[in-house]
Chemist: 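Quick one: structure below, then a few questions.
Only a predicted model underlies this, so the values are computations on that prediction, with no experimental measurement involved.
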Amino acid sequence: MSSETGPLKATAAMWRCSRIMHLLRELRPTLLSALEAIADQMIWFRENWCEEVLRQLKHTLSRCQTLAFENSNNVSDAQTTVPVQNSLRRLVSTFGLGIESSSSISSTFSSAASESLTKRKLATSQDPVFQRLKAKFSRDFDFSLPNSTRLHNVIGKLKKWIRILESKMAVLPKSFLLEERCRFLNNFSLSNTEVELPGEFLSPKPLSYCIKIARFMPRVEIVRKCGISARRLFIRGHNGKVYPYLVTNDASLTDSRREERVLQLCRAMNVYFSKRKESCKRNLVFYVPKVVAVSPQMRLVEDNPTNLCLLDIFKQYCRQHDLDPEIGRA
């Protein structure tokens, strides 16, 4: 039923979910309140406008390069598709501030966090550097100009703006303290309530072996890994070990859920490998990180800071030898 004809009617599935939440609130009020508070605090780990624009530009560049490969016989005369143009027009109109609209945030997170991010959006929009970059960006992606829809020209402009934003992000802070933004996470301890680590119940194990959160470590790192920007949150378990998690913003909800289904398949395959003699002899298993969706746009992903993808190694090599990474990938 559309919003024009009347209010939305709750389905049977929605009523059952509501009933389950009421039962949980009656049985475990402290635990449920702690989980809701932790989810509300995740809004402070969202990307800033620069990271948001850079992520969307890279996604659009990937789509354009796919089009260029499909039209490799006549790439100089190829035109961008209407969905790509609409995506860039939307990016011109929002320029990274669309993610902080109060209407979309207040429905998921607390009103206090929504008000703070609305103030941050207002301060960003009044920043002279932001206004100057937005004006230049609008001029570069004005599709009313002649030859502005040529695929080759659009790819060149996308690479140009990716370099501009990456150089701007290089001078931004690499970490922040948890107490500056997330007081609840900073003051959380095992004495308040017992909350398991994110994703502990994804792998079958006895309840006594589940690791509980003792506290959240005070420093949060801002990292760029596998081409995305994320916040690395460190959680100390009740066993004394520190477990890092990446707080990521999803570019596409469909792709994220598809990725989680693939991880479920790999987790099921590991159970099969554990029962086979030859695979056990060689310790053959898939590495399956724990992934927990906090909201429709944010996820907690188990991380290993020592792991690097081949793209990060290549870019590090290019920086050390003063080379352009795009030339080697052309």
Chemist: Between Phe286 and Phe273, how do the two ring planes meet: parallel, tilted or perpendicular, split at 30° and 60°?
Modeler: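 If you compare the ring of Phe286 with that of Phe273, the planes turn out tilted.
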Chemist: The test is side chain to side chain donor-acceptor pair (under 3.5 Å); show your working for Glu47 and Ser229 and say whether it passes.
Modeler: CA-CA 7 Å; Glu47 299 171 327; Ser229 297; 5.4 Å; no
Chemist: Is there side-chain contact between Thr94 and Trp49, with heavy atoms separated by less than 4.5 Å?
Modeler: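 Thr94 vs Trp49: side chains apart.
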Chemist: When Ile, Leu, Val, Met, Phe, Trp and Tyr are grouped by side-chain heavy atoms lying under 4.5 Å apart, directly or through other members, which residues fall in the same group as Met21?
Modeler: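 Via sub-4.5 Å side-chain contacts, Met21 links to Ile20, Leu24, Leu32.
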Chemist: For the CH2 atom of Trp44 and the CZ atom of Arg183, what is their distance to the nearest 0.5 Å?
Modeler: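 Here the interatomic distance stands at 11.0 Å.
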Chemist: Are side-chain heavy atoms of Asn304 and Pro244 found at a separation under 4.5 Å?
Modeler: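 Answer no - side chains too far apart.
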Chemist: What heavy-atom pair brings Leu88 and Val154 nearest, and what distance separates the two atoms?
Modeler: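 The answer is CD1-CG1, 4.0 Å.
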Chemist: For Arg55 and Asn249, what are the C-alpha separation, side-chain angles and deciding distance, and is it a side-chain contact (heavy atoms from CB on, under 4.5 Å)?
Modeler: CA-CA 9 Å; Arg55 176 167 58 85; Asn249 293 262; 4.2 Å; yes
Chemist: For Ser274 and Cys280, work out which heavy atoms get closest and say how close.
Modeler: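 Closest approach of Ser274 to Cys280: O-SG, 3.0 Å.
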Chemist: Would Arg236 pass as a cation-pi partner of Tyr243, given that its NZ or CZ must be under 6.0 Å from the six-membered ring centre and within 45 degrees of the axis?
Modeler: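 Judged by the rule, Arg236 and Tyr243 form no cation-pi pair.
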Chemist: Look up atom CG in Leu57 and atom OG in Ser62, then write down how far apart they are to the nearest 0.5 Å.
Modeler: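 It is 12.5 Å, given to the nearest 0.5 Å.
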Chemist: With distance as the sole criterion, is a donor-acceptor pair present between the side chains of Gln85 and Thr80 under 3.5 Å?
Modeler: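 Per modelled atom types, Gln85 and Thr80 side chains form a pair under 3.5 Å.
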Chemist: With side chain to side chain donor-acceptor pair (under 3.5 Å) as the test, pick out the partner of Lys225 among Thr248, Asp303, Asn307.
Modeler: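 So the option named by the test is Asp303.
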Chemist: For Lys212, look at atom NZ and say whether over 12 heavy atoms of other residues, nucleotides or ligands are found less than 6.0 Å away.
Modeler: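 Atom NZ in Lys212 is packed in, count exceeds 12.
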Chemist: Look only at the side chain of Asn71 and the backbone of Ala78, and say whether a donor-acceptor pair between them is shorter than 3.5 Å.
Modeler: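 Judged by distance alone, no pair lies under 3.5 Å.
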Chemist: Using only atom types and a distance under 3.5 Å, with no angle test, would you say the side chain of Arg19 pairs donor to acceptor with the backbone of Trp15?
Modeler: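 A pair under 3.5 Å: no.
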Chemist: Does Asn153 reach the main-chain N or O of Asn147 with its side chain, forming a donor-acceptor pair under 3.5 Å?
Modeler: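 Yes; judged by distance alone, with no hydrogens or angles, the pair exists.
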Chemist: Would Met269 end up clustered with Leu263 when hydrophobic side chains under 4.5 Å apart are linked, directly or stepwise?
Modeler: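 Per the 4.5 Å side-chain linkage, Met269 and Leu263 are co-clustered.
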Chemist: Can you check whether Leu185 reaches Phe45 side chain to side chain, under 4.5 Å on heavy atoms?
Modeler: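 The answer is yes, as the side chains (C-beta and beyond) meet within the 4.5 Å cut-off.
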Chemist: Mind checking whether Leu202 and Val285 sit in one hydrophobic cluster, side chains of I, L, V, M, F, W, Y counted as touching below 4.5 Å?
Modeler: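 Each belongs to a different hydrophobic cluster.
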Chemist: If you define the side chain from C-beta out and look only at heavy atoms, does anything of Thr30 sit under 4.5 Å from Asn192?
Modeler: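 Counting from C-beta outward, Thr30 and Asn192 never come under 4.5 Å.
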Chemist: From Arg139 CZ over to Lys136 NZ, what is the distance, rounded to the nearest 0.5 angstrom?
Modeler: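 These two atoms lie 7.5 Å from each other.
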Chemist: Side chain to side chain donor-acceptor pair (under 3.5 Å) with Ser175: which of Arg219, Arg232, Glu221?
Modeler: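 The side chain to side chain donor-acceptor pair (under 3.5 Å) with Ser175 is passed solely by Arg219 among Arg219, Arg232, Glu221.
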Chemist: Provide the closest heavy-atom pair for Cys210 versus Glu196 in the form atom of the first, atom of the second, distance.
Modeler: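 The pair with the smallest heavy-atom distance is CB-CG, 4.0 Å.
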Chemist: For the CG atom on Leu310, are there more than 12 heavy atoms of other groups (residues, nucleotides or ligands in this structure) within a distance under 6.0 Å?
Modeler: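 Result for CG/Leu310: open.
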Chemist: Looking at side-chain heavy atoms only, is the closest gap between Ser148 and Asp142 below 4.5 Å?
Modeler: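 No; the side chains remain at least 4.5 Å from each other.
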Chemist: Is the shortest side-chain heavy-atom distance between Trp161 and Leu133 below 4.5 Å?
Modeler: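 Sidechains of Leu133 and Trp161: in contact.
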Chemist: Are any side-chain N or O atoms of Ser18 and backbone N or O atoms of Met14, one a donor and one an acceptor, separated by less than 3.5 Å?
Modeler: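 Checking the backbone N and O of Met14 against the side chain of Ser18, no donor-acceptor pair under 3.5 Å is found.
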Chemist: Should the pair Arg299-Glu259 be classified as a salt bridge under the 4.0 Å nitrogen-to-oxygen rule?
Modeler: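 Looking at Glu259 together with Arg299, the answer is yes, because their closest N to O distance falls below 4.0 Å.
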Chemist: Is Tyr245 close to Val301 at the side-chain level, that is, under 4.5 Å between some pair of heavy atoms?
Modeler: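 Heavy-atom side-chain distance check fails, nothing below 4.5 Å.
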Chemist: At their closest point, which heavy atom of Gly237 faces which heavy atom of Ile211, and how far apart are they?
Modeler: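 Minimum heavy-atom contact is CA-CG2, 3.9 Å.
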Chemist: Which pairs with one or both residues in residues 276-294 pass side-chain hydrogen bond (donor to acceptor under 3.5 Å, both in side chains), sequence neighbours excluded?
Modeler: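 Residue pairs with at least one partner in residues 276-294: Glu200-Lys290, Glu278-Arg282.
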Chemist: Would you say Lys275 has more than 12 foreign heavy atoms packed within less than 6.0 Å of its NZ?
Modeler: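 Incorrect, the count does not exceed 12.
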Chemist: Is the ring pair Phe95/Phe130 parallel, tilted or perpendicular, if the boundaries are 30 and 60 degrees?
Modeler: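 Rings of Phe95 and Phe130: tilted, as their planes differ by 30° to 60°.
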Chemist: Between Glu52 and Arg46 (salt bridge meaning N to carboxylate O under 4.0 Å), is one present in this structure?
Modeler: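 Salt bridge between Glu52 and Arg46, a charged N being under 4.0 Å from a carboxylate O: no.
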Chemist: I need the minimum non-hydrogen distance between Pro198 and Ile213, along with the two atoms involved.
Modeler: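 Heavy-atom minimum between the residues: CD-CD1, 4.5 Å.
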Chemist: Same cluster or not: are Leu284 and Leu265 linked, directly or through other Ile, Leu, Val, Met, Phe, Trp or Tyr residues, by side-chain heavy atoms under 4.5 angstrom apart?
Modeler: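 Cluster IDs for Leu284 and Leu265 differ.
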Chemist: Closest approach of Glu26 and Pro29, non-hydrogen atoms and distance?
Modeler: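 Nearest pair, atom of Glu26 first, then Pro29: O-CD, 3.9 Å.
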Chemist: What about Leu300 and Val220, same hydrophobic cluster or not, with Ile/Leu/Val/Met/Phe/Trp/Tyr joined at side-chain heavy-atom distances under 4.5 Å?
Modeler: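 Result: yes, single cluster for both.
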Chemist: Establish whether Val129 and Val92 are linked, either directly or via other cluster members, by ILVMFWY side-chain heavy-atom contacts under 4.5 Å.
Modeler: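 Yes; tracing contacts between hydrophobic side chains, which count when under 4.5 Å, links both residues.
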Chemist: Tell me, please, which residues at least two apart from Glu70 pass side chain to side chain contact (heavy atoms under 4.5 Å, CB included).
Modeler: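 Partners of Glu70 under the side chain to side chain contact (heavy atoms under 4.5 Å, CB included) test: Thr66, Leu67.
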Chemist: Evaluate the side-chain proximity of Val75 to His152: yes if any heavy-atom separation is below 4.5 Å, no if none is.
Modeler: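 No, every pair of side-chain atoms sits at 4.5 Å or beyond.
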Chemist: Are Glu166 and Lys58 ion-paired here, with the side-chain N under 4.0 Å from a carboxylate O?
Modeler: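 Here Glu166 pairs with Lys58 in a salt bridge, since their nearest N and O are under 4.0 Å apart.
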Chemist: Show which residues join Phe234 in its hydrophobic cluster (side-chain heavy-atom contacts under 4.5 Å, direct or indirect), or state none.
Modeler: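 Joined to Phe234, directly or through intermediates: Met217, Val242.
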Chemist: Please walk me through it: do Glu51 and Arg231 pass salt bridge (charged side-chain N to carboxylate O under 4.0 Å, His left out)?
Modeler: CA-CA 12 Å; Glu51 293 169 330; Arg231 276 51 174 168; 2.9 Å; yes
Chemist: Which is it for Asp40 and Phe184 under the side-chain contact (heavy atoms from CB on, under 4.5 Å) test, yes or no, and what are the steps along the way?
Modeler: CA-CA 10 Å; Asp40 289 341; Phe184 179 83; over 6 Å; no
Chemist: Test side-chain contact (heavy atoms from CB on, under 4.5 Å) on Cys50 and Leu54; report intermediate values, then the result.
Modeler: CA-CA 6 Å; Cys50 186; Leu54 182 60; 5.6 Å; no
Chemist: In plain terms, say whether Arg25 and Glu36 are close enough for a salt bridge, that is, a side-chain N and a carboxylate O under 4.0 Å apart.
Modeler: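 Yes, Arg25 and Glu36 are salt-bridged.
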Chemist: Under the side-chain contact (heavy atoms from CB on, under 4.5 Å) rule, what do Arg215 and Leu190 come out as? Steps first, then yes or no, please.
Modeler: CA-CA 7 Å; Arg215 60 167 299 189; Leu190 187 60; over 6 Å; no
Chemist: Quick one: CG on Asn86 to CZ on Phe143, what's the gap to the nearest 0.5 Å?
Modeler: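 CZ of Phe143 is found 9.0 Å from CG of Asn86.
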Chemist: For residues 72-95, which residue pairs qualify under salt bridge (Lys or Arg N to Asp or Glu O under 4.0 Å), counting only residues two or more places apart or in two chains?
Modeler: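 Residue pairs passing salt bridge (Lys or Arg N to Asp or Glu O under 4.0 Å), neighbours aside: Asp77-Arg150.
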Chemist: Apply salt bridge (charged side-chain N to carboxylate O under 4.0 Å, His left out) to residues Arg224 and Asp312 and explain how you reach the verdict.
Modeler: CA-CA 9 Å; Arg224 295 181 60 195; Asp312 294 335; over 6 Å; no
Chemist: Just jot down the ring-ring contact (aromatic ring centres under 6.0 Å, His included) partners of His321, sequence neighbours excluded, or say none.
Modeler: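 Counting only residues at least two positions away or on another chain, His321 forms a ring-ring contact (aromatic ring centres under 6.0 Å, His included) with Tyr317.
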